[in-house]
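Data block below; observations after.
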Amino acid sequence: MAQKPSIPKGTRDFSPIEMVRRSYIINTIKEIFKLYGYQQIETPAIENLSTLLGKYGDEGDKLLYKIRSNKSLFSQLGTEKERHIRKVYNFWLPQKSEMALRFDLTVPFARYVVQHRNDITFPFKRYQIQPVWRADRPQKGRYREFFQCDVDVIGSHSLLNEVELIQIINDVFNKLQINNVIKINNRKVLYGIAEYIGETEKFTEITVAIDKLDKIGIEKVKEELSVCGLSKKAIDRLQQILNFKGTNEEKIIFLDKMLENTETGKNGMDEIKAVFGYLNMLSIFSKMEFDLTLARGLDYYTGAIIEVIAKDVRIGSICGGGRYDDLTGVFGLPDVSGVGVSFGADRIYDVMMEKNLFPEETLSTTQVLFINFGKEEEKYCLHQVGKLRAAGINTEIFPEAAKLKKQLNYANNKKIPFVVLVGENEMKENVLTVKDMNSGQQTKMTINELKFRM
RNA sequence: GUGCAUGUAGCUCAGCUGGUUAGAGCACCGGAUUGUGGUUCCGGGGGUCGCCGGUUCAAGUCCGGUCUUGCACCCCA
C-alpha cells in the first residue's frame, strides 16, 4: 500500500458514533437557543482579511489562517517552470493575503449586522453554529478546526440580556449534566481597579497579570507588574484588592466601597450588582462566581465578561463571552451594543467523554431491525418495514440472508433495541416475533401492536 | 512561535545492555451451533515497528532530521 493518507494537524475525522454524540450536544444547545427566541444564521467560512484583522489583538492576528486567491497567486508567477513548481507544490510567494478563515463567529456576526442593518429588527437575537479555525499549536481540547455555538443579542444595552445568557448557560449544562462554574466579571470593574491604583495607562498589563493570579501566585504577579513599571504604592493597593476572599455578596460590598470614587469602576459595579440581583431571584443550578481574576484576552469586550469551566476536568473554558459595545463601529455602524457567549462543542464533547455523560439511549440510531431469512421473507418484511417507517420509526432490514449470529451481532453493535424475526410460521400466522435485545425476551405481535409499543 | 516528551496490529500495550520468522488482550472473520446475539471453546486474517536518512556484520531497540499526538509558556472554545 502507498503512504497512508492523513489530515492536517489539529483537524479530525468524525465517525458515525462520534457524530451521534456531537449531534446530541449541538441539538441540545440549539433547542435551548430556540427556546429563548434566538434565530439562526450562517456566514461563510472565509471572510475578507480586512474584516478579521485587528479585532482579536496581536496574538489573535497571528493565529488567523490566511488564504490567497488563485488570481493573485497566478498574476505574479514568473516563468513557465516556476509556475509548474508552484502549482505542484502549492508554493506561495510571500504576498499580502486577501482572505482568511473565520477565527470566531462574533466578528463575522458584527459584519453581518452592519451589512444587513436595514433588514434587521433590533434587538436582534441570533444563534450560529459553525466551525472556526485557528493556527494555534494543538493540545488536549485545543484544535485548529472546531465548532462554536454562538448566541448573541445585539442592539440592546439592557443587562437583562446578560442575565438571559447566564440562564441559557445554566440550562445547557444542566441538560447535559456537566458540573460547572460560571465565572462572571466586568471589564469596567477591571478598569476601575486600574483607576483606583492610579495606573490607567497600564490597564492591559494589569489585567494580563491579574489573569495569571491563580496560576503563578500573588508574588509573581507583583514581580511582573513591577517589571511593567507600576509603582510600589500601586502594587500594594492592588494586592489589597486581590487578597480579598469571600462570597460573591461580600466581594461586591467590598469592591463597591473600594471603587465608589472611580468613574468607570463604579459603573461596572452597578452592572455587576444589577446582574447578580436578577440572578439571585432566579433558580440557577450552576455555581456562579464573581471572579476578579477573569480578564479574557479578546480585545473587543467592554462590559460583562463570562467564562464557564467544567469541574474536575482540565480542559480550559467550555463556554465564554461578554459584552462588546462597539464592535460594529469598526464596520461603520456605531453605538450598537451586543452581548453574547460561545459554547465550545468540541471541548464539551471531551468533557462528556471523560465523565461518561452520554446517555446510552442517544447512541442508537435505528430502533428496529428486520432479520433477513431469505427471498420470500424479504418481500414480506419490506411491506412491514415500510409501515414502521411511515409511522416515523427508524427501521432497517438486513440486506442479505446472512447467518442469524451475524445479523444479531449487527444489531448489538449498532445498539438497535428491537429485532423482528419473520420466517415461514410468522408469515402464515401474519405476526411478527419481536425480540427485545436488552432482555432477550421474544413476543409475538402484529405490526400494529409493534407500532403502538414504539 | 519557544522548550520538553511521545509514536509497535483497528484499539490498549509488552518487546531486557542492538542478535533468528515482532508478541498478548480486546476487536474482526470462520467453525462448534442450518431460526437466536451480547457469556464459553477452537481456528484464522491482519504490522514496510510514524516517515526519511545515518552508525553497525546486524536496528523496533543507538544517532540526526521530519511529521503526529501530548505537556509547559502564550492564548483561548
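Below, chain A is the first sequence line, B the second, and so on; all start at residue 1. Predicted model only: the values in this text are computed from it and were never measured.
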- Message: Using the P atom as the point on both nucleotides, what is the distance between B:rC16 and B:rC73, in whole Å?
- Response: 35 Å
- Item | Where at least one partner belongs to residues 133-142 of chain A, residue pairs that pass salt bridge (charged side-chain N to carboxylate O under 4.0 Å, His left out), sequence neighbours excluded | A:Asp136-A:Arg142, A:Lys140-A:Glu354
Can you give me the N/O atom pairs linking the protein to nucleotides 67-69 of chain B at distances under 3.5 Å, or say none if there are none?
| unit_1 | atom_1 | unit_2 | atom_2 | d |
| --- | --- | --- | --- | --- |
| B:rU68 | OP2 | A:Lys9 | NZ | 3.0 |
| B:rU69 | OP1 | A:Gly10 | N | 3.1 |

- Base versus backbone protein contacts along nucleotides 34-39 of chain B [heavy-atom cut-off under 4.0 Å; B, S, -]: -BBBB-
- Could you tell me whether A:Asp346 and A:Arg22 have a side-chain N and a carboxylate O separated by less than 4.0 Å? yes
- Task: Can you tell me the distance, in whole Å, between the CG atom of A:Asp136 and the C1' atom of B:rC71?
- Result: 14 Å
- Paired nucleotide for B:rC51 [Watson-Crick or G-U wobble; both distances under 3.5 Å]: B:rG65
- Query: Is the shortest side-chain N to carboxylate O distance from A:Asp61 to A:Lys55 below 4.0 Å?
  - Reply: no
- Query: Taking the P atom of each, how far is B:rC76 from B:rA14, in whole Å?
  - Reply: 38 Å
- Task: Please report, rounded to the nearest Å, how far the C1' atom of B:rG1 is from the OH atom of A:Tyr65.
- Result: 13 Å
- Message: Could you tell me how far B:rG50 sits from B:rG60 if I compare only their C1' atoms? Round to whole Å.
- Response: 12 Å
- Query: With no angle test and no hydrogens, is the base of B:rC76 tied to the side chain of A:Arg134 by a donor-acceptor pair under 3.5 Å?
  - Reply: no
- Message: I'd like the P distance from B:rU12 over to B:rG7, given in whole Å.
- Response: 12 Å
- Under the ring pair (Phe, Tyr, Trp, His ring centres under 6.0 Å) rule, collect the residues that match up with A:Tyr38, sequence neighbours excluded. none
- Nearest-Å distance, CD1 (A:Ile129) to C1' (B:rA77)? 14 Å
- Do the ring planes of A:Phe109 and A:Phe124 sit parallel (below 30°), tilted (30 to 60°) or perpendicular (above 60°)? tilted
- So, A:Phe343 and B:rA77: ring centres less than 5.5 Å apart, planes less than 30° off, yes or no? no
- Task: Indicate, with a heavy-atom threshold strictly under 4.0 Å, whether A:Gly60 touches base, sugar-phosphate, or nothing.
- Result: nothing
- Message: What I want to find out is whether A:Glu271 reaches A:Arg323 closely enough, with some N-O distance under 4.0 Å, to be called a salt bridge.
- Response: no
- Using a distance-only test with no angle check, is there a side-chain donor-acceptor pair under 3.5 angstrom linking A:Asn185 and A:Tyr301? no
- Message: Let's test this: given Watson-Crick or G-U wobble pairing with both distances under 3.5 Å, identify the partner of B:rU2.
- Response: B:rA72
- B:rU21: pairing nucleotide in any strand, Watson-Crick or G-U under 3.5 angstrom: none
- Task: Would you classify A:Tyr143 as touching base, sugar-phosphate or nothing, given that sugar-phosphate means primed atoms plus P, OP1 and OP2, and contacts are heavy atoms under 4.0 Å?
- Result: base
- Hey, are A:Asp325 and A:Tyr300 close enough side-chain-wise for a donor-acceptor pair under 3.5 Å? no
- Rounded to whole Å, NZ of A:Lys406 lies from C1' of B:rG30 at a distance of 11 Å
- Query: So what does A:Lys212 touch, heavy atoms closer than 4.0 Å: a base, only the sugar-phosphate, or nothing?
  - Reply: sugar-phosphate
- Task: Provide, to the nearest angstrom, the distance between the NZ atom belonging to A:Lys140 and the C1' atom belonging to B:rC74.
- Result: 20 Å
- The Watson-Crick or G-U wobble partner of B:rG43, with both key distances under 3.5 Å, is B:rC29
- Message: Check for me whether the distance between the ring centres of A:Tyr349 and A:Phe358 falls short of 6.0 Å.
- Response: yes
- Would you classify A:Val308 as touching base, sugar-phosphate or nothing, given that sugar-phosphate means primed atoms plus P, OP1 and OP2, and contacts are heavy atoms under 4.0 Å? nothing
- Task: Whole angstrom is fine here: how far is it from CG in A:Asn413 over to C1' in B:rC28?
- Result: 10 Å
- Under 4.0 Å between a Lys/Arg side-chain N and an Asp/Glu carboxylate O for A:Glu223 and A:Lys220? no
- Task: Could you give the distance separating B:rU68 and B:rU2 at their P atoms, to the nearest angstrom?
- Result: 14 Å
- Message: Distance check, P atoms only: B:rU6 and B:rC13, in whole angstrom units.
- Response: 14 Å
- Task: Please tell me if the side chains of A:Ile306 and A:Lys183 come closer than 4.5 Å, counting only heavy atoms from C-beta onward.
- Result: no
- Note: contacts of residues 314-326 of chain A with RNA chain B (heavy atom, under 4.0 Å) are A:Arg314, A:Ser317, A:Ile318, A:Cys319, A:Gly320
- Between B:rU55 and B:rC63, how far apart are the C1' atoms? Round to whole Å, please. 7 Å
- Message: Applying a 4.0 Å non-hydrogen cut-off, can you work out what A:Asp104 is touching in the nucleic acid: base, sugar-phosphate, or nothing?
- Response: nothing
- Those residues at least two apart in sequence (or on a different chain) that pass ring pair (Phe, Tyr, Trp, His ring centres under 6.0 Å) with A:Tyr65 are none
- Task: Examine A:Arg12 relative to A:Tyr143 and say whether NZ or CZ is less than 6.0 Å from the centre of the six-membered ring and inside a 45° cone about the ring axis.
- Result: yes
- From CD of A:Glu59 across to P of B:rC75 the rounded distance in Å is 7 Å
- Does a salt bridge link A:Lys62 with A:Glu59, judged by any charged N lying under 4.0 Å from a carboxylate O? yes
- Send over the distance from A:Gln148 CD to B:rC75 P, rounded to a whole Å. 18 Å
- Quantified in whole Å, what is the C1' atom distance between nucleotide B:rG10 and nucleotide B:rC28? 8 Å
